[in-house]
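Protein chains get the first letters and strands the later ones, always in sequence-line order, with residue 1 at the start of each. The analysis underlying the following values was restricted to heavy atoms, covering all of them including side chains, and did not include hydrogens, waters or symmetry mates.
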Amino acid sequence: MPRVTFREERCKGCELCKHFCPKGIIEMAGHINAMGFHPATVVDAESCTGCATCARMCPDIVIEVEKEEKKVG
Amino acid sequence: MPRVTFREERCKGCELCKHFCPKGIIEMAGHINAMGFHPATVVDAESCTGCATCARMCPDIVIEVEKEEKKVG
Amino acid sequence: MKKVFTRPKSLKDMPFHYCPGCTHGIVHRLVAEVIDEMGIFDRAIAVAPVGCSVFCYEYFDCDAYQASHGRAPAVATGIKRVLPDRVVFTYQGDGDMAAIGTGEVVHAAARGEKFTVIFINNAIYAMTGGQMAPTTLLGQVTTTTPYGRSREVNGCPVRMSEMLSVLDGSAYIARVSVHDPPNVARAKRAIRKAFEVQEAGLGFTMVEVLSSCPTNWGLSPLKALKWLEENMIPYYPLGEYKKPAEVG
Amino acid sequence: MKKVFTRPKSLKDMPFHYCPGCTHGIVHRLVAEVIDEMGIFDRAIAVAPVGCSVFCYEYFDCDAYQASHGRAPAVATGIKRVLPDRVVFTYQGDGDMAAIGTGEVVHAAARGEKFTVIFINNAIYAMTGGQMAPTTLLGQVTTTTPYGRSREVNGCPVRMSEMLSVLDGSAYIARVSVHDPPNVARAKRAIRKAFEVQEAGLGFTMVEVLSSCPTNWGLSPLKALKWLEENMIPYYPLGEYKKPAEVG
Amino acid sequence: MFEAILIAGFGGQGVLSTGQLLAYAGMVEGKHVAWIPSYGPEMRGGTANCGVTISSRPISSPVVSEPTVLIVMNRPSLEKFQNSVVKGGIIFVNSSLIDLRASRNDVRVFYVPANEMAEELGSGKVANNIILGALIELTGVVSPGAVEKSLQEVLPPHHHKTIPLNLKALETGAKLVRNGQKT
Amino acid sequence: MFEAILIAGFGGQGVLSTGQLLAYAGMVEGKHVAWIPSYGPEMRGGTANCGVTISSRPISSPVVSEPTVLIVMNRPSLEKFQNSVVKGGIIFVNSSLIDLRASRNDVRVFYVPANEMAEELGSGKVANNIILGALIELTGVVSPGAVEKSLQEVLPPHHHKTIPLNLKALETGAKLVRNGQKT
Amino acid sequence: MAKILMKGNEAIGEGAVRAGCRYFFGYPITPQSELPHYLAKRLPEVGGLYLQAESEVASINMVFGAAGAGARVMTSSSGPGISLMQEGISYLAGAELPCVIVNMIRGGPGLGNIAPAQSDYFQATRGGGHGDYRVLVLAPSSVQEIIDLMQDAFDLADKYRNPVMLAGDGVLGQMMEPVILDDEIKPPSLPEKSWAATGRMGRDRKNLINSLYIVPENCEIHNLELGRKYAAMEESEQRWEDYHTEGAEMVLVAFGTAARVCKAVVDMFREEGRPVGLLRPITLWPFPWKRVSALADSVRCFLTVEMNMGQMVEDIRLAVNGKRPVRFYGRVGGMLPVARDVYREALKILDGGAD
Amino acid sequence: MAKILMKGNEAIGEGAVRAGCRYFFGYPITPQSELPHYLAKRLPEVGGLYLQAESEVASINMVFGAAGAGARVMTSSSGPGISLMQEGISYLAGAELPCVIVNMIRGGPGLGNIAPAQSDYFQATRGGGHGDYRVLVLAPSSVQEIIDLMQDAFDLADKYRNPVMLAGDGVLGQMMEPVILDDEIKPPSLPEKSWAATGRMGRDRKNLINSLYIVPENCEIHNLELGRKYAAMEESEQRWEDYHTEGAEMVLVAFGTAARVCKAVVDMFREEGRPVGLLRPITLWPFPWKRVSALADSVRCFLTVEMNMGQMVEDIRLAVNGKRPVRFYGRVGGMLPVARDVYREALKILDGGAD
Ligand SMILES: Cc1ncc(C[n+]2csc(CCOP(=O)(O)OP(=O)(O)O)c2C)c(N)n1
Ligand SMILES: Cc1ncc(C[n+]2csc(CCOP(=O)(O)OP(=O)(O)O)c2C)c(N)n1
Ligand code: SF4
Ligand code: SF4
Ligand code: SF4
Ligand code: SF4
Ligand code: SF4
Ligand code: SF4
Ligand SMILES: [Mg+2]
Ligand SMILES: [Mg+2]
């Protein structure tokens with residue numbers, strides 16, 4: 001199962017990841033981080049495809065995505 | 001008969017008038033003017049058509065051209 | 001588990017100072033990824049502008065210069081002429097490059113200087129508080145066009161990619177955008193091409209990136225991207241304006 | 001007897017300081033004739049550059065300004081914005097306008113400033129002793145390209161008319177030459193059109209005049225005109241690059 | 001009299017306009033006043049602060065480097081500024097957003113759950129004015145009447161309808177102090 | 001010894017290089033020398049002049065404003081500079097091109113039909129050196145030998161074949177003086 | 001007569017409008033941005049023009065054009081931008097064109113920062129551009145004074161046909177203070193400018209705006225004429241404020257923001273009964289050397305307080321001419337002097353025996 | 001060791017090449033054109049680069065890039081062009097980059113003319129750009145000295161990581177004088193520049209060329225460090241020439257071309273047996289105030305002779321500090337002082353009783 005990790009303290013709550021996640025599984029947390037923003041978080045990790053769209057749209061490089069090793073070429 | 005007049009003291013001897021006169025009637029004088037140039041002069045005034053080509057190519061506005069008054073338009 | 005997405009090595013591990021949702025961050029990442037992927041980190045030299053991205057000299061972990069406002073192309077010229085085998089890029093905003101630095105970028109392009117300009121067009125002077133830039137759209141309200149940019153007073157926005165493409169010395173010029181994932185991918189490809197053309201010594205290269213400034217546009221990050229798509233792209237068409245025959 | 005050709009009234013009656021055969025003098029005359037013929041002498045304001053033609057502020061008998069090197073378009077902007085009903089023109093060389101003054105002319109054009117630039121392209125910095133200009137041709141020997149202008153070191157000559165035509169604010173842009181009588185006549189028509197477009201308030205106007213510098217080219221006045229025709233025109237094609245629909 | 005008040009928080013929390021309201025009130029009362037914001041690219045980081053000096057004598061530097069009163073609307077501001085407060089000074093902490101206690105014990109510290117209280121009044125936007133009300137009540141630096149008058153001047157006309165709410169917030173803050181609450 | 005020599009004429013008359021030749025010769029003889037051209041946009045007008053100072057002492061200003069010797073190769077230069085010559089100084093007038101007499105009578109004036117004489121020698125280009133020869137003979141500011149040596153250095157190698165002609169011109173000028181001609 | 005709270009930068013704009021300025025050409029830079037923002041809104045209201053130039057070089061040359069055309073015109077910038085204007089300022093001075101240039105000084109050199117500083121004193125008073133010329137430099141120290149000096153700035157510029165600079169800093173620009181404004185704005189009545197190049201419009205002679213004097217003799221005459229003008233300015237335009245200099249043993253000298261701090265220092269001393277005063281130059285050029293020189297006869301010593309590494313102190317030394325010791329205390333890079341520190345420094349000098 | 005006749009402007013070029021300079025970025029202007037002409041030919045011969053920039057602003061920023069990359073690099077201009085470089089020079093000083101800037105001063109202000117002048121003294125010595133910074137300024141007065149000082153200029157630039165300016169004028173640039181040149185040019189051996197930003201190339205830390213210190217506290221530290229460097233330069237690098245100052249009653253002070261004229265004046269006096277001398281500053285900044293201050297103890301008065309309206313005279317007054325009268329004699333706008341006139345002026349002062 002792919003894994004998305006958020007470096008919460010770096011998140012500025014811009015919601016771009018949330019908007020662009022094709023699975024719609026990112027939400028903004030209720031609490032605020034030290035910078036005063038509601039950080040993004042995955043609410044349904046199971047559904048994550050590891051597509052990394054969220055990461056590619058995150059301006060603050062908050063998100064890391066890991067996936068099962070597949071032999072490619 | 002058209003008349004071309006040269007303000008000799010302003011001539012810099014560049015020879016442009018001479019080169020472009022369709023009648024080939026402009027030559028450079030043997031003497032030099034106060035600025036040290038051989039001034040241009042018309043050697044065959046009779047043949048002048050008053051086309052003012054010389055004047056139009058003279059960078060120093062040395063040449064004035066007059067012509068018989070013709071009623072135009 | 002394999003990391004399919006992680007922070008590029010060429011970016012120092014520190015937070016950006018940019019506002020929430022500012023796409024400067026995305027472009028930084030793309031440039032760093034290209035440097036990583038091309039394996040040129042050790043030879044890379046960044047020239048930072050004056051503008052919101054002034055601190056990019058901190059973020060890019062390669063050697064760097066902080067240039068005076070608009071003059072990054074002249075600084076890059078000085079560097080590259082001394083060190084012709086390095087990979088030199090400037091990172092400049094639209095105030096920096098399309099206003100005060102017009103002379104420098106035009107002549108760097110005319111001379112065919114072999115470096116790459118990453119040109120961030122966000123239609124505003126962001127750092128100084130949202131004044132009109134040469135790239136500000138007609139009608140756009142800014143702190144110095146409180147009644148909207150007027151054609152009569154301020155003239156029309158300048159299209160730098162089109163203008164620089166006219167010069168013989170420019171080798172690769174493209175306009176891209178980062179308002180959605182497919183465009184982000186395209187932007188990265190353009191940046192890579194520009195660096196490759198620089199490495200091939202073919203001439204001046206520039207990638208103009210349409211970018212958002214949620215803060216000074218007064219829009220949420222998401223609305224800003226939508227505004228960019230709907231307003232900027234029609235005036236600033238995306239595409240490759242110039243490329244050498246050698247490059248696909 | 002009627003004078004079919006005489007000194008235009010707008011030119012003060014004094015000798016030019018130009019070298020023998022320098023076409024600056026022809027262009028001065030054309031501008032003055034257009035001013036006379038349009039009856040705008042009283043409203044005309046000239047802005048002189050720094051270059052061989054710096055003293056044109058003496059020759060044109062209208063009110064005049066001597067601008068700092070390259071900045072005539074900015075000075076003209078200041079004048080015209082204060083006095084919008086005057087006819088303002090700058091007279092600038094290729095060093096003045098295409099090098100140091102690039103930013104000013106690009107942005108005057110972009111803003112659509114309603115004045116006219118008479119741009120003398122003689123492929124050289126003449127006044128300072130024949131150094132390479134941005135418009136110097138490839139291979140051309142000058143005092144700062146003793147081995148000939150090299151594409152690799154100096155890049156390609158810039159074509160200003162083409163570049164400024166890209167901008168939305170430019171209304172009339174033409175390139176003419178004064179190397180023979182028919183072209184002198186065409187040059188005058190272009191200058192007249194530019195002034196008319198300015199009067200109509202349609203935007204920025206410029207006439208680029210290919211011009212000779214016998215002294216710094218090291219050629220006789222006649223050979224210089226021939227060199228211009230054979231070498232400059234192929235690289236700098238003549239024609240109207242931009243004109244408003246309103247103008248024939 | 002002399003008060004140097006520093007108000008700090010996130011951008012968008014109304015920190016600057018709260019300071020202006022206070023300065024205006026001081027002016028209305030004929031006192032010497034000066035207001036100054038922090039400016040510059042820090043605004044990118046999203047923090048904002050301003051200093052307000054109100055004094056019976058001409059004001060030397062308007063920059064408040066040693067506040068007699070500090071209002072902090074977020075945690076980074078508390079951490080950054082608490083040590084600058086003069087001995088015997090006052091700190092107002094917006095405890096709705098700050099889960100930290102001030103570390104100074106030579107100053108008076110008031111914890112005001114301003115956002116919650118403001119929400120109770122009907123709008124989170126008046127959180128600042130709750131603290132401002134407390135400040136005025138405690139220090140008497142300006143009179144409530146002067147603030148009320150200033151609201152009319154400082155708020156753009158289309159916001160005048162919010163004046164009653166703002167007054168309520170100021171009064172709520174004042175009551176807090178009168179009731180001796182130190183949450 | 002001290003001579004301040006001003007050489008003036010049209011551009012293209014070799015005025016500057018003649019001055020350099022003279023200065024070089026002075027240097028060869030171990031004297032203090034300085035050469036300076038007029039520069040600037042006057043060049044457009046087609047005139048050129050240079051000053052050469054040769055002295056046994058260090059040279060203060062190299063600008064020759066009060067020449068001890070003046071060489072004029074054209075009429076405007078005579079008109080412009082004759083009054084600057086020091087009393088008792090010398091003026092050489094190229095009478096081939098100047099149909100005017102000098103108006104000074106407190107200086108010595110030599111009229112040299114340099115162009116004609118040069119044409120006679122085979123090339124109008126050595127007109128300057130005819131006058132230079134006269135100057136050297138008259139003033140002894142440098143020795144003919146030093147000038148000969150300097151020609152080798154000053155002329156680019158592909159012009160060395162003209163050295164005999166130049167020497168002939170210098171000698172012709174010298175003779176003129178020796179014969180006491182004051183044309 | 002309304003009393004309102006106003007930002008320094010906005011006060012510059014309002015003061016300019018009230019002084020009849022209708023043209024502003026400029027390029028954004030911190031810390032003066034509120035001024036262009038204000039004028040972009042305000043000038044169109046009074047039929048004027050705010051035009052954003054493509055650079056500071058363009059700005060100052062637009063000012064050259066507009067001033068030559070007879071308009072009251074201004075530009076504004078800070079350190080780096082003012083440096084770029086130096087050629088243009090030299091041209092304006094050379095062509096004797098009136099205009100107002102605002103420099104809200106920030107920390108330097110180079111990009112430095114945007115915090116308040118006074119490190120462009122030399123540049124302002126010695127002419128950072130080429131050639132012998134002078135710019136009249138006004139240094140307000142409160143928002144009210146900004147408003148008042150703007151009128152003077154334009155009047156002096158016209159009177160002497162010379163650029164006038166207003167030198168402030170980020171603190172003065174950013175701070176709000178109460179100001180009193182006349183309720184009505186009189187329409188500007190500009191002095192006649194018969195020299196302006198406005199197109200001949202029937203005029204029988206031609207007007208020329210020019211700084212080129214190709215013949216050295218003429219250029220010398222021009223410089224000597226300029227020199228006489230500057231001498232007249234030195235004679236008539238020295239301005240300063242005396243703050244408790246009466247009977248002072250030590251006089252602090254400081255301008256602008258630093259002078260505000262020094263007033264507090266003087267108060268501290270006077271409260272203790274020690275005779276310390278402040279001389280606050282209002283014109284930085286011409287420098288009020290008459291006053292300094294007079295004080296030098298009575299005080300024991302001077303302490304210059306600047307937000308730089310020591311620039312104005314040279315003018316004080318020149319004015320004092322060795323008669324008394326002149327000491328310097330400075331903060332740099334955007335730091336402000338703190339009253340307590342200045343007090344301590346002054347005390348050290350006083351007690352240590354300055355002489 | 002060849003003795004040849006060389007033009008001052010060309011000597012600058014040859015001196016630079018011999019000092020190991022391989023990069024020139026510049027923009028044409030009279031009266032320094034022979035320098036670019038010379039280097040355009042000469043630099044390619046030694047594997048160097050002559051690049052003509054599109055403007056002086058571009059030139060100085062190309063210099064910034066090349067200097068940051070560790071090269072010995074120079075640019076050259078005159079008045080108007082140097083004014084345009086002021087922002088760039090402030091950046092170079094702020095980023096502590098070594099380079100050499102030549103100013104062949106001409107008549108100003110504005111376009112002025114192209115005749116020799118010294119009216120950019122203030123600009124050169126006080127920093128015409130923004131912020132507190134200093135440029136080391138060398139003022140040769142003969143062609144041989146130009147050659148010699150070019151080596152020093154580059155060495156001092158590298159030693160202090162600071163821009164160095166060579167201040168000349170049209171006379172020095174245009175004149176030819178004999179110079180002695182070493183026959184061989186040693187290949188340049190540059191000091192190691194571990195701070196240069198050349199690409200990391202395996203280096204474990206990153207190099208940064210920067211003048212931005214956004215936090216005022218840091219900017220102050222930076223300025224104080226720069227200040228210490230300038231103080232070290234003031235301590236160690238003051239240079240001057242004494243010409244018959246021994247036992248002098250009056251000392252003339254003049255640099256560059258004016259100093260040549262003043263030597264003739266001193267000779268005139270000394271021939272009459274009157275003890276008049278000349279102090280010729282070779283460094284304009286740091287100004288040789290140690291020497292002036294020492295002389296002030298023994299001479300009766302000073303006469304400063306400048307080709308401007310009176311600029312260096314301030315430094316002399318500062319150094320003399322009221323101990324002796326300091327008089328000024330100047331010619332402007334491209335005019336040269338004439339020995340006879342200076343003599344007369346000096347005599348008037350001497351006989352009129354200077355004090
Ligand atoms: C010479 C100079 N002029 C002006 C400034 C002020 N300034 C700083 S950033 C900036 C504009 C930045 O706009 P842009 O280049 O579009 O970058 P952005 O902030 O939008 O990313 C300006 C005008 C300066 N630092 N230096
Ligand atoms: C700021 C500045 N830089 C350089 C110069 C020197 N300069 C005078 S004229 C000129 C170039 C003129 O060339 P161009 O504009 O082509 O005119 P031309 O003489 O060829 O007609 C230059 C560089 C100057 N006066 N000011
Ligand atoms: S990796 Fe893809 S699916 Fe998973 S959270 Fe990110 S965008 Fe959504
Ligand atoms: S895109 Fe990045 S910064 Fe924005 S909300 Fe998502 S994780 Fe946070
Ligand atoms: S008018 Fe025509 S025909 Fe007559 S001289 Fe001139 S060019 Fe020749
Ligand atoms: S074109 Fe004019 S200047 Fe040239 S030779 Fe003819 S008359 Fe003389
Ligand atoms: S102001 Fe605009 S460009 Fe600058 S960091 Fe914020 S969003 Fe980005
Ligand atoms: S130098 Fe060239 S451009 Fe200048 S006047 Fe002479 S010929 Fe004309
Ligand atoms: Mg921008
Ligand atoms: Mg040209």
Side-chain angles (χ1 to χ4, degrees), chain E residues 2 4-7 15-45 48-67 84 86-87 142 146-147 149-156, chain G residues 2-9 29-34 78 104 106-107 111-116 141-144 169-180 243 254 256-268 271 278 305 307 331 334-343:
Chain E
F2 175 88
I5 300 139
L6 185 67
I7 313 179
V15 152
L16 303 185
S17 54
T18 301
Q20 284 183 16
L21 178 62
L22 186 55
Y24 212 100
M27 178 180 82
V28 162
E29 293 195 333
K31 297 185 169 118
H32 292 276
V33 300
W35 171 96
I36 192 162
S38 74
Y39 60 93
E42 309 101 85
M43 74 177 231
R44 301 283 160 283
N49 69 68
C50 71
V52 175
T53 311
I54 303 181
S55 171
S56 49
R57 306 235 310 233
I59 292 160
S60 63
S61 167
V63 175
V64 174
S65 46
E66 300 179 350
S84 66
V86 298
K87 216 186 274 187
V142 292
V147 178
K149 208 162 148 202
S150 302
L151 269 174
Q152 308 264 8
E153 301 294 326
V154 165
L155 285 179
Chain G
K3 187 170 182 185
I4 60 168
L5 208 55
M6 203 165 200
K7 249 195 177 193
N9 281 332
I29 192 166
T30 313
Q32 58 81 60
S33 299
E34 296 83 1
S78 183
M104 300 309 273
R106 50 191 255 177
L111 189 48
N113 61 29
I114 57 179
S141 90
S142 74
V143 180
Q144 182 69 54
D169 61 51
V171 164
L172 282 166
Q174 299 296 323
M175 74 188 291
M176 289 182 109
E177 278 189 324
V179 292
I180 291 171
Y243 186 74
T257 295
R260 297 175 67 106
V261 175
C262 287
K263 281 193 180 170
V265 177
V266 168
D267 290 349
M268 287 159 82
E271 264 160 38
L278 166 71
V305 180
M307 283 145 62
R331 294 300 301 266
M335 299 298 289
L336 294 175
V338 175
R340 201 179 329 99
D341 299 338
V342 178
Y343 172 84

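Contacts with chain G (heavy atom to heavy atom, under 4.5 Å) involve these residues of residues 17-27 of chain E, listed by number: E:Gln20, E:Ala23, E:Tyr24, E:Met27. Using a 4.5 Å heavy-atom cut-off against chain E, the contacting residues of residues 259-266 of chain G are G:Arg260, G:Val261, G:Ala264.
The pair E:Arg57-G:Glu271 meets the salt-bridge criterion, since a charged nitrogen lies less than 4.0 angstrom from a carboxylate oxygen. The pair G:Arg340-E:Glu66 counts as a salt bridge, with a side-chain nitrogen and a carboxylate oxygen less than 4.0 angstrom apart.
Of the listed residues (G:Ala258, G:Pro31, G:Gly8), the greatest number of heavy-atom pairs within a distance under 4.5 Å of chain E belongs to G:Pro31. Taking G:Val171, G:Val143, G:Asn113 one by one and counting their heavy-atom pairs under 4.5 Å with chain E, the maximum is reached by G:Val171.
Taken from CG in G:Asp169 to OG in G:Ser78, the straight-line distance is 9.5 Å, to the nearest 0.5 Å. Note that CE of G:Met335 is 9.0 Å distant from OG of E:Ser65, once rounded to the nearest 0.5 Å. How far CD1 of E:Ile59 is from OG of G:Ser142: 11.0 Å, rounded to the nearest 0.5 Å. Taking CD1 of E:Ile54 as the reference point, atom CD1 of E:Ile5 lies at 4.5 Å (rounded to 0.5 Å).
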**Message:** As a quick check of understanding, evaluate side-chain contact (heavy atoms from CB on, under 4.5 Å) for E:Thr53 and E:Trp35, giving each step before the final call.
**Reply:** CA-CA 6 Å; E:Thr53 311; E:Trp35 171 96; over 6 Å; no
**Request:** Using the side-chain contact (heavy atoms from CB on, under 4.5 Å) rule, take E:Ile36 and G:Met176 through it: C-alpha gap first, then chi angles, then the decisive distance, then the call.
**Result:** CA-CA 6 Å; E:Ile36 192 162; G:Met176 289 182 109; over 6 Å; no
**Prompt:** What's the verdict on side-chain contact (heavy atoms from CB on, under 4.5 Å) for G:Asn9 and G:Gln174, showing C-alpha distance, side-chain angles and the deciding distance?
**Reply:** CA-CA 6 Å; G:Asn9 281 332; G:Gln174 299 296 323; 3.7 Å; yes
**Prompt:** Can you list the steps and then say if G:Tyr243 with G:Asp267 is a side chain to side chain donor-acceptor pair (under 3.5 Å)?
**Reply:** CA-CA 10 Å; G:Tyr243 186 74; G:Asp267 290 349; 2.6 Å; yes
**Message:** Applying side-chain contact (heavy atoms from CB on, under 4.5 Å) to E:Ser55 and E:Lys31, what does each step give before you reach the verdict?
**Reply:** CA-CA 6 Å; E:Ser55 171; E:Lys31 297 185 169 118; over 6 Å; no
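Contact annotation for G:Leu5: both backbone and side-chain heavy atoms come within less than 4.5 Å of a heavy atom of chain E. Interface remark: G:Lys7 contributes side-chain atoms only to the contact with chain E (heavy atom separation under 4.5 Å). Neither the backbone nor the side chain of G:Pro337 comes within contact range of chain E; no heavy atom of the residue lies under 4.5 Å from a heavy atom of that chain.
When atom types are taken as modelled, the side chain of G:Arg106 and the backbone of G:Thr30 share a donor-acceptor pair closer than 3.5 angstrom.
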